[in-house]
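Okay, structure first, notes after.
Counting starts at 1 for both ligands and their atoms, following the listed order.
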Amino acid sequence: MNASPLWLDFRPRPDLPLWTRRVTGEVTSPQGKAALRELRQGFAALGAEAAGDGPCLRLREEPGEGEGWRLSAEKDGPVLSGPGRGLVYGAFALLRKLALGEAPVPGEEAPRYPLRMLDHWDNADGSIERGYAGNSFFFREGRPVCGGRTREYARLLASVGLNGCCLNNVNVTGEALYLLTGKYDGELRAIGEALAEYGVSLWLSVSFAAPLEQGGLPTADPLDPAVRRWWRETCDRLFRAVPDLGGFLVKADSEGRPGPQSYGRTQAEGANMLAEAVKPHGGRILWRCFVYDCTQDWRDLKTDRARAQYDTFAPLDGQFADNVLLQAKNGPVDFQVREPVSPLLVRLEHTKSIVEFQLAQEYTGQQKHVCWLGAAMKEVLDFTGPAGTVKDRLSAVCAVSNTGDDFNWTGHDLAAANLYTFGRLCWDPDLDAEVTAREWTRLTYGPDPLVEATVTDILLRSREVYEQYTVPLGIGWMCDPPTHYGPSPEGFEYDRWGTYHRATCREIGVERGPAGTGYSEQYGPALGAVYGNMDTCPEELLLFFHRLPYDYRMRDGRTLLQRIYDDHFEGCAAAEAMAKAWDALEGRVRSDAFRRVQVRFREQVRSAREWRDVVNSWLYRLTLIPDEKGRKLYL
Ligand code: GCW
């Protein structure tokens, strides 16, 4: 198959324990069998010579659906035990350890969250919304397909601990509207089975208007008995036909999608109606919170998009059925390179929540720029608000996938590190994200210390570098509106999306403290006070929360404007340095992989220079304040 094995490309190791020569197992489930196969194949790839007797690794499958595993030392070799799903994770954990040159030690592990999933924004026609790695491998020419990549993908997901996958775009259009109707049950069942072999459940995005659009009913009102019956009957059929279905992901009342609002019903009434229909089948509803006014008039200074999700959902806390999870993006607006943590994730007390990250780098360089998001995800998971720490409050974690049918799966080879780190953090949010970056590098490129040091350093610095040369200090939204790539400082200013910085020749930013939109108060009194005051607000978020004059003094004494100028110059220079550091790996990384990344770095450097010059020159033209260091700005 024309696809990279990514981090599962095991290379021979000199120091393998003898028991890797023989694996025996009492396994019965498809997952148990997959674990056995993976171990045999993996040990062979690591260089173990098969032996007919002597020490061995034994697999002991236990009954049940659990996902934990245990490694114990017995006389003639270790024993890996657990239910089938657990054995899959245990097998990959063992292989990872050995591939990293670490000795597996007895112990046990289980994932922190029961659901750890990837959301695909794949369309039925094979395109991917905000996809930067080719076309869909789940859909081709209007149909779902179970092809060679399906199983490989399931392996990749399981190897980092993920267990759910939503096949289609939350904007459900075209043929995807018929996934519910029975037309594609056979294909969905096949995909479901291929994923399930590695313990991955299949999910579908559905349109709230399906009873109207596909069911022929005159309404989709969630309180209408005929609508409720339609959903129940549809689910009864679908869950029977596709037994590995986990449930539905729903984007309702959001960016033009239908939802309960059209019928005067609340988000809870809408979600609960679907929850009731999937409940007999053990299904769950992932209800997105991305609800805001996307037809804002830029002249309206009162409406603040950052407030919208909390204002809509917080009053409904406690009203959602227990098989509903509220899915909130990590920040209150939309996957900008720097946003505060969504207050929904730290204030809801009685509702299950799932955080949505975006591995697809829509606003973070579109997998042309390297932007490792591990530390950013970790910041969110570790964030503490009034009701506790995010990672302790979540019921599940998901991310918009960054994969497609490109050979390397993720467009930019280094973007695979985001997929890897995401999986590892979902399994154990206490992991040090930096350790996972290093692991990924070693698994991907082998044990060369220079490669490891260079690539890890690039990954760890990449987000700050990207932030510096694009939109520092939390300002966001200076990208080109249709593509979301490249600079356009006023591109979103007079548009309908509620994404304004309202820069004049004197000031920049939206005041979101108590004297402004009051958004900071959504964090409760203590944290709200920190954000609401420009002197205590974390500097990296200063312009997210405050409107400030260009001569505002930053904590190090520089003016705000000088800081923005400096960031652009420094970020751009850092991008150039990263590209150079990569160049120095020529001959140490396989040549095809080396070239692919080199080509991406050329584009990153070109684009970084463009960002630097466009944003800095625009500010110079607005303010007529020159750079203190006399660097080139264009008039
Ligand atoms: O930011 C927007 C994206 C849309 C996306 C939407 C969402 C799937 O530009 O492409 O639609 O977010 O998250 O629903």
Side-chain angles (χ1 to χ4, degrees), residues 117-133 135-136 138-139 165-174 176-177 203-209 248-259 261 267 270-271 285-296 305-306 308-309 312-313 325-339 342 344-345 353-367 371 373 380 397-404 470-471 476-486 488 491-492 495-500:
M117 72 188 274
L118 283 168
D119 294 352
H120 281 249
W121 287 357
D122 295 24
N123 297 314
D125 66 5
S127 63
I128 303 181
E129 180 155 351
R130 313 301 174 188
Y132 311 106
N135 289 320
S136 172
F138 283 132
F139 294 93
C165 175
C166 184
L167 286 199
N168 62 309
N169 191 354
V170 288
N171 293 324
V172 189
T173 56
L177 289 162
W203 295 67
L204 293 176
S205 293
V206 297
S207 165
F208 197 78
F248 300 143
L249 171 61
V250 193
K251 172 174 177 175
D253 292 321
S254 167
E255 301 188 329
R257 307 310 302 160
Q261 246 167 38
Q267 298 295 305
I285 298 298
L286 308 175
W287 189 265
R288 290 179 96 227
C289 300
F290 194 53
V291 177
Y292 69 97
D293 178 3
C294 68
T295 57
Q296 190 174 332
R305 172 167 165 183
Q309 302 184 41
T312 306
F313 286 92
L325 282 81
L326 287 188
Q327 182 162 317
K329 293 190 181 188
N330 61 269
V333 184
D334 197 1
F335 299 137
Q336 297 302 289
V337 64
R338 178 83 61 177
E339 288 185 38
S342 169
L344 274 175
L345 296 171
S353 55
I354 167 167
V355 61
E356 178 179 312
F357 294 112
Q358 193 190 41
L359 305 180
Q361 294 169 233
E362 178 177 0
Y363 298 98
T364 50
Q366 304 198 347
Q367 292 151 242
C371 187
L373 298 166
V380 174
V397 182
C398 72
V400 181
S401 182
N402 58 354
T403 54
T470 58
V471 274
W477 301 103
M478 287 198 182
C479 56
D480 174 56
T483 60
H484 299 178
Y485 186 79
S488 177
F492 275 93
D495 220 325
R496 62 185 174 97
W497 301 100
T499 46
Y500 316 110

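Checked against a 3.5 angstrom limit, the closest N/O atoms of E362 and ligand 1 fall inside it. When only interatomic distances are considered, the shortest N/O to N/O separation between K251 and ligand 1 falls below 3.5 Å.
At a heavy-atom distance under 4.0 Å, no atom of F335 approaches ligand 1. If you look at V170 next to ligand 1, the close heavy atoms, those under 4.0 Å, all belong to the side chain.
To the nearest 0.5 Å, the span separating OG on S401 from CZ on R130 amounts to 16.0 Å.
Ring geometry for H484 versus F492: interplanar angle of 30 to 60°, hence tilted.
Annotation: atom 6 (C) of ligand 1 to nearest protein heavy atom, E255 OE1, 3.3 Å. Looking only at protein heavy atoms, the nearest one to atom 10 (O) of ligand 1 is E129 OE2, 2.4 Å. Protein heavy atom in closest approach to atom 8 (C) of ligand 1: N171 ND2, 3.2 Å.
At a 4.0 Å cut-off, at least one heavy atom of Y363 sits close enough to ligand 1 to count as contact. Residue contacts with ligand 1 include N169, since one or more of its heavy atoms lies under 4.0 Å from the ligand. Proximity of E356 to ligand 1 is not established, as no heavy-atom distance is less than 4.0 Å.
Counting the atoms of ligand 1 from 1 in the order shown, those under 4.0 Å from a heavy atom of R130 are 3 (C), 4 (C), 9 (O), 10 (O). Atoms of ligand 1 lying under 4.0 Å from any heavy atom of D334, numbered from 1 in the order shown and given with element: 1 (O), 2 (C), 12 (O). For ligand 1, the atoms sitting less than 4.0 Å from at least one non-hydrogen atom of F290 are 6 (C), 7 (C), 12 (O), 13 (O), 14 (O), numbered in the order shown with element in parentheses.
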Checklist entry - Checking side-chain contact (heavy atoms from CB on, under 4.5 Å) for the pair N168/L204: CA distance, chi angles, key distance, verdict? => result CA-CA 6 Å; N168 62 309; L204 293 176; 3.8 Å; yes
Checklist entry - Do V337 and Y363 pass the side-chain contact (heavy atoms from CB on, under 4.5 Å) test, and can you show the C-alpha distance, the side-chain angles, and the key distance before you say yes or no? => result CA-CA 7 Å; V337 64; Y363 298 98; over 6 Å; no
Item to check | Verdict with reasoning, F208 to D253, per side-chain contact (heavy atoms from CB on, under 4.5 Å) | outcome: CA-CA 9 Å; F208 197 78; D253 292 321; over 6 Å; no
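Counted by atom type alone, E129 and N171 present one or more donor-acceptor pairs between their side chains at under 3.5 Å. Side-chain contact check for D125 and S127: at least one donor-acceptor pair (N or O, by modelled atom type) lies under 3.5 Å. Defined by atom type and a distance below 3.5 Å, a donor-acceptor pair is present between the side-chain atoms of Y292 and E255.
Of the listed residues (Q358, K329, Q327), the one carrying the non-hydrogen atom nearest atom 13 (O) of ligand 1 is K329.
Applying side-chain contact (heavy atoms from CB on, under 4.5 Å) to D119 and the options Q327, Q358, R288 leaves one that passes, Q327.
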